[in-house]
Amino acid sequence: MSNNAKIPFLDLVAPHQELEQELLAVAKKAFETAGFIGGPMVEEFERDFAKFCDTRFCIGVNSGTDALRFALMAAGIEQGDVVVTVPHTFIATTEAISQAGAQIAFVDISEDTYTMDPAKLREYLENKCEFDAARGKLTEKASGRVVSAVVPVHLYGQTADMDPILELAEKYNLILIEDACQAHGAQYFSKKDGTWKKAGSMGLAAAFSFYPGKNLGACGEAGAITTNDEAMAKKMRMIRDHGQAKKYYHDMEGYNGRLDSIQAGWLSVKLRHLADWNESRRTLAHRYHKLFEDVKEGIIVPREAPWTKGVYHLYVIRVQDREALQTHLAEAGIGTGIHYPIPLHQQKAYGHLHYETGDFPVTERVASEIVSLPMFPQLMSSQQDQVVKRAKEFLAARAAASYSLSD
């Protein structure tokens, strides 16, 4: 694309053009063998993605939502149990919890990382719950329900602060399932273990989405679950395939949640490029940081915590009057996004949870200010320059207008 061309928020055309022959070869192979569901291509991808995530097992499924739902079910979440997560995430996180038969409880996020605040999780567990050491059960005081699991969300490509969250999960006998749907390849440095760990390798299991816009995206719907637990892996394979232990032998009721072979084959092709793509995203993110370095107020750029190596699924800034900024950028042919404008506790779908405005102030503040700028591996430096130039123009114009009003 030229300097004068529209700068998209996300370019899904270029990478598919670059890999066209490899991707078409996958489809041709499926047509020639009539292997459309399961089979060698799915098994190859599962093996390779497990290795990429430093886990023993990977179970391919048909979406990230099913990945999280099946993980919760296989972990033994019981009807009516409480699962704790954050209100600043896509609704798929909480849909999976509800559809697994559990109840949702929210804790606020950290303003630095936009991921689960371990201090807020501790506050909820210690002040709003009570632990029966004899039974090894944590109970929510208000509802009397058993709190059985916590789902930290690795958002925008940065991991949650896992050491303290894992410590709390262990202390209160909670199952921990990672929502890694935006964090393919992200890493976390565990001070406890003195080593870097991949997103998807730290909990009992983790859910990944391969929605086309993700860092590793399919050419349609797809997802996967990673785990180091062999019994969990076996159970999740059964759940995704109508509860079958083998064909027509059903040990339980399951779901039709399988990953098809063409999507798996395409994902295998793309997986070979993922590390380079992630590194490109990191380079672009750090260049954005540098370009915005002289902006002292008006824009808050992402802060990458020292314990994470983010993969920048999104480059999310915060600004007052974001609609005006989006309009200004759109007039220059620059695409933007908002992830996510309305916190889940304020959505109509969760009115029955009876949360109120002000219950999660960091989430509410962040949600009103965030804007996602163009971010994809093929983004050119000249395009970045234009994005930042136009954003600075907006700040200058707003500052001038403010000065004029106060004069």
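The CD atom of Gln347 sits 5.0 Å away from atom CD1 of Ile342, with the distance rounded to the nearest 0.5 Å. Note that the CG atom of Leu121 and the CG atom of Asp161 stand 11.0 Å from one another [nearest 0.5 Å]. Atom CZ of Phe394 and atom OG1 of Thr327 lie 9.0 Å apart (nearest 0.5 Å). To the nearest 0.5 Å, the span separating CD on Glu178 from CD1 on Ile165 amounts to 9.5 Å. Rounded to the nearest 0.5 angstrom, Cys181 SG and Asn215 CG are separated by 12.0 Å. Residue Glu304 holds its CD atom at 11.0 Å from OG1 of Thr113, rounded to the nearest 0.5 Å.
Nearest heavy-atom pair, Pro212 versus Leu12, reported as atom, atom and distance to 0.1 Å: O-CD2, 3.4 Å. Scanning both residues, Ala160 and Pro152, for their nearest heavy atoms gives CB-CB, 4.1 Å. The heavy-atom pair separating Ile97 from Thr85 by the smallest distance is CD1-CG2, 3.8 Å. Looking at every heavy atom in both residues, Leu68 comes nearest to Thr93 through CD2-O, 3.6 Å. In this structure, Leu325 and Ala391 approach most closely via the heavy-atom pair CD1-CA, 4.2 Å.
Using a 4.5 Å heavy-atom threshold, the side chains of Ile338 and Ile370 count as touching. Looking at heavy atoms from C-beta onward, Tyr355 lies in side-chain contact with Phe360 at the 4.5 angstrom threshold. The shortest distance between side-chain heavy atoms of Met375 and Leu284 falls below 4.5 Å. Within the 4.5 Å cutoff, the side chain of Phe45 has no heavy atoms near those of the Met41 side chain. Counting heavy atoms from C-beta on, the side chains of Arg258 and Asn62 never come closer than 4.5 Å. Between Gln244 and Arg237 the shortest side-chain heavy-atom distance does not fall below 4.5 Å. Here the side chains of Arg287 and Asp385 are in contact, with some heavy-atom distance below 4.5 Å. Side-chain contact between Pro374 and Ile334: present, with at least one pair of heavy atoms (C-beta onward) separated by less than 4.5 Å.
Between His289 and Tyr315, the angle of the ring planes lies from 30° to 60°, which puts this pair in the tilted group. Using cut-offs of 30° and 60° on the angle between ring planes, the pair Phe210 and Phe208 is parallel. Classified by interplanar angle (parallel below 30°, tilted 30° to 60°, perpendicular above 60°), the ring pair His352/Tyr350 is tilted. Relative ring orientation between His88 and Tyr114 is described as perpendicular, the plane-to-plane angle rising above 60° on a 0-90° scale split at 30° and 60°.
Side-chain N or O atoms of Thr227 include none that pairs as donor or acceptor with a backbone N or O of Met232 at under 3.5 Å. With hydrogens and angles disregarded, no donor-acceptor distance shorter than 3.5 Å links the side chain of Asp193 to the backbone of Thr195. Arg281 places a side-chain N or O within donor-acceptor distance of the main-chain N or O of His313, the cut-off being under 3.5 Å. Gln383 contributes a side-chain N or O that, together with a main-chain N or O of Met380, makes up a donor-acceptor pair within less than 3.5 Å. Side-chain atoms of Asp359 come within 3.5 Å of backbone atoms of Glu356 as a donor-acceptor pair (strictly under, hydrogens ignored). No donor-acceptor distance shorter than 3.5 angstrom exists from the side chain of Trp277 to the backbone of Pro377, with no hydrogens or angles considered. Distance alone, capped at 3.5 Å, places no donor-acceptor pair between the Glu253 side chain and the His242 backbone. A side-chain donor-acceptor contact under 3.5 Å links Glu364 to the backbone of Gly358. Judged by distance alone, the side chain of Gln182 and the main-chain N or O of Lys214 form no donor-acceptor pair under 3.5 Å. Using a distance-only test at 3.5 Å, with no hydrogens or angles considered, no donor-acceptor pair links the side chain of Arg56 to the main chain of Asp229.
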TODO: Take Thr363 and Val86, measure what side-chain contact (heavy atoms from CB on, under 4.5 Å) needs, and give me the verdict at the end.
DONE: CA-CA 9 Å; Thr363 291; Val86 292; 5.9 Å; no
Open item on the list: One pair to check against salt bridge (charged side-chain N to carboxylate O under 4.0 Å, His left out): Glu393 and Arg390. What are the steps and the verdict?
Closed with: CA-CA 5 Å; Glu393 282 179 358; Arg390 297 294 184 173; 3.3 Å; yes
- [ ] Report the C-alpha separation of Thr308 and Phe189 in whole Å, then their side-chain angles, then the decisive distance to 0.1 Å, and conclude whether the side-chain contact (heavy atoms from CB on, under 4.5 Å) test is met.
- [x] CA-CA 6 Å; Thr308 188; Phe189 185 78; over 6 Å; no
Task: Test log, rule side-chain hydrogen bond (donor to acceptor under 3.5 Å, both in side chains), inputs Thr336 and Gln326 - done: CA-CA 7 Å; Thr336 57; Gln326 286 187 290; 2.9 Å; yes
Task: Glu140 and Ser143: CA distance, side-chain angles, deciding distance, side-chain hydrogen bond (donor to acceptor under 3.5 Å, both in side chains) verdict - done: CA-CA 6 Å; Glu140 193 177 57; Ser143 67; 2.6 Å; yes
- [ ] Begin from the C-alpha positions of Arg272 and Asp48 and carry the test salt bridge (charged side-chain N to carboxylate O under 4.0 Å, His left out) through to its verdict.
- [x] CA-CA 9 Å; Arg272 296 194 284 270; Asp48 291 347; 6.0 Å; no
- [ ] Show your reasoning for whether side-chain hydrogen bond (donor to acceptor under 3.5 Å, both in side chains) applies to His16 and Lys270.
- [x] CA-CA 9 Å; His16 292 99; Lys270 291 183 171 185; 2.7 Å; yes
TODO: Under the side-chain contact (heavy atoms from CB on, under 4.5 Å) rule, what do Phe106 and Leu353 come out as? Steps first, then yes or no, please.
DONE: CA-CA 10 Å; Phe106 291 124; Leu353 298 179; 4.1 Å; yes
Open item on the list: Set out, in order, the CA-CA distance, both residues' side-chain angles and the distance that settles side-chain hydrogen bond (donor to acceptor under 3.5 Å, both in side chains) for Ser148 and Asp81, then state yes or no.
Closed with: CA-CA 6 Å; Ser148 62; Asp81 283 1; 3.2 Å; yes
TODO: List the steps and the verdict of salt bridge (charged side-chain N to carboxylate O under 4.0 Å, His left out) for Asp66 and Arg69.
DONE: CA-CA 5 Å; Asp66 272 358; Arg69 175 166 53 140; 2.4 Å; yes
Task: salt bridge (charged side-chain N to carboxylate O under 4.0 Å, His left out) between Arg303 and Glu111, intermediate numbers included - done: CA-CA 9 Å; Arg303 299 167 184 165; Glu111 195 150 4; over 6 Å; no
Open item on the list: Walk me through whether Ile262 and Lys29 qualify under side-chain contact (heavy atoms from CB on, under 4.5 Å).
Closed with: CA-CA 9 Å; Ile262 293 178; Lys29 182 178 180 180; over 6 Å; no
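Between Trp307 and Tyr188, the distance from one ring center to the other falls under 6.0 angstrom.
Taking the centre and axis of the six-membered ring of Phe52, the NZ or CZ atom of Lys198 falls inside the cone set by 45° and 6.0 Å.
Residue Lys392 places its NZ atom among more than 12 non-hydrogen atoms of other residues, nucleotides or ligands, all under 6.0 Å distant. Atom NZ of Lys246 has 12 or fewer neighbouring heavy atoms from other residues, nucleotides or ligands inside a 6.0 Å radius.
Between Arg240 and Glu46 a salt bridge is recorded (basic side-chain N to carboxylate O distance below 4.0 Å).
Asp163 and Ser190 share a donor-acceptor pair across their side chains, judged by distance under 3.5 Å alone.
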